[in-house]
Peer 1: 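First the structure, then my questions, so here it is.
Indexing begins at 1, ligand by ligand and atom by atom, following the structure's order.
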Amino acid sequence: MISVPEEIPLDAYGRRIDYLRISLTDACNLRCVYCMPKDMQFLPERDKLQMADYRRLLPLFGRLGFKKFRFTGGEPTLHPGLLELVSLCAELPGDPLCALTTNAIRLPELARPLARAGLRRINVSLDSLDPQRFERMARGPSLAQAWEGVLAAEAAGLEVKLNAVMVRNFNEDDLLPLARLSQRYPWQIRFLEMMPFAEQTEFQHTRGIKNRSVQERLEAEFGALEPVGDRLDGEARVMRIPGAPGSLGFISPVTDPFCASCNRMRLTADGKLRLCLLKEDEVNLWQALRSGAGDDDLLELLKEGIRRKPWGHELANNRFAQNRAMNQIGG
Ligand code: SAM
Ligand code: SF4
């Protein structure tokens, strides 16, 4: 059957929403201090979307003009259907960009199959290059494997970006070594400001480091950073150490929000369309899927989600979402 493209709706603020981040699971093989509590309980399998649900939903997002899909989690490489899901996305009309955010632990065996399935870009969370600090932050001992995973991703031809959340009294000593990676590799090393979520807020409020002071420390070491491009790359302001083949990205949702240019929505593992990372508003696709909704009903729900997308977060007023931790939304 030929699928007819839909008229593509804008949200209430005139933004084109065409980027879906799909949290395949809330489960993870690490327990990063800024992401989830140590004793986090994960969803039972029966409460998660099944492959048949994704086979129905992904083409509907394709019909609404979504051009970019990112698999995330929890840890998306733990999902047994990941390769099939990447293929499904890559085969949607319009040659969409398929990307993955991962802790890289499973990449040594998965990088090549993922690239073959159509994955183009990979963001690896790597907060420390020191085994002990890595273990303290991730509550898991896998730096060597994660590093091997990053190299495997590059060898497989994937575009690599690294994400680091800077946390006071945890990984401040990693700032310069992480930035120096951009002098050696053609990667973007991104510094993410820590955001507050349910249950973790005390930690996140007291340990966060503003990107302004990250940049000041980098410039004290490397001299003035050069801007790369005059627009945000996704959510990152991109700079370069003079002469470096790679770049540095500053993602500053707390001190320099990028809500005005937000083009994304999120699909959670339990079937909710999350309209803003930092707000509780969701559309319940799970209920519709389980009560026999047809494709037209589902399309209407997706359009409703686009129309209802909030303007942006209110961290500046100390308001943040209380209903999910980061691993349950997908970053
Ligand atoms: N497990 C994968 C990983 O770590 O890359 C994907 C899921 S993780 C939730 C996605 C991203 O969210 C990671 O880059 C992680 O560093 C980031 N993250 C988690 N908690 C955060 C927080 N409180 N503030 C800012 N970023 C956070
Ligand atoms: Fe797992 Fe990623 Fe959260 Fe770390 S940031 S606990 S790797 S989901």
Peer 1: If you count only heavy atoms, which residues are under 4.0 Å from ligand 1?
Peer 2: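 Tyr34, Cys35, Thr72, Gly73, Gly74, Glu75, Thr101, Thr102, Asn103, Ser125, Asn163, Val165, Leu192, Glu193, Met194, Met195, Phe197, Gln204, Met326.
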Peer 1: Salt-bridge test for Arg180 and Glu221: reply yes if a basic N is under 4.0 Å from a carboxylate O, no otherwise.
Peer 2: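 Yes.
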Peer 1: Just the protein N/O/S atoms under 2.8 Å from atom 1 (Fe) of ligand 2, please, no waters.
Peer 2: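 Sorted hits: Cys28 SG.
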Peer 1: Run the side-chain donor-acceptor check on residues 251-259: report pairs under 3.5 Å with partners two or more places apart or on a different chain.
Peer 2:
unit_1, atom_1, unit_2, atom_2, d
Ser252, OG, Asn211, ND2, 3.0
Thr255, OG1, Glu193, OE1, 3.2
Thr255, OG1, Glu193, OE2, 2.6

Peer 1: For the pair Asn323 and Arg274, evaluate side chain to side chain donor-acceptor pair (under 3.5 Å) and give the outcome as yes or no after the intermediate values.
Peer 2: CA-CA 11 Å; Asn323 61 342; Arg274 175 103 172 174; 3.0 Å; yes
Peer 1: Is a side-chain donor-acceptor pair under 3.5 Å present for Thr268 with Asp270?
Peer 2: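 Checked: Asp270/Thr268 side chains pair up, N/O donor to acceptor below 3.5 Å.
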Peer 1: Could you list the residues that satisfy side chain to side chain donor-acceptor pair (under 3.5 Å) with Arg212, not counting sequence neighbours?
Peer 2: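 Per chain and number, Arg212 pairs via side chain to side chain donor-acceptor pair (under 3.5 Å) with no residue.
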Peer 1: What I want to check is whether the side chains of Ser128 and Asp174 have a donor and an acceptor closer together than 3.5 Å.
Peer 2: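 Result is yes, a qualifying pair exists.
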Peer 1: Hey, is Arg120 close enough to Asp95 for a salt bridge, meaning N to O under 4.0 Å?
Peer 2: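 Asp95 and Arg120: salt-bridged.
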Peer 1: Checking side-chain polar atoms at under 3.5 Å, does Asn103 have a donor or acceptor matched by the opposite partner on Glu75?
Peer 2: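 There is such a pair between these side chains.
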Peer 1: Between the side chains of Thr101 and Arg70, does any donor sit under 3.5 Å from an acceptor?
Peer 2: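 A donor-acceptor contact under 3.5 Å links the two side chains.
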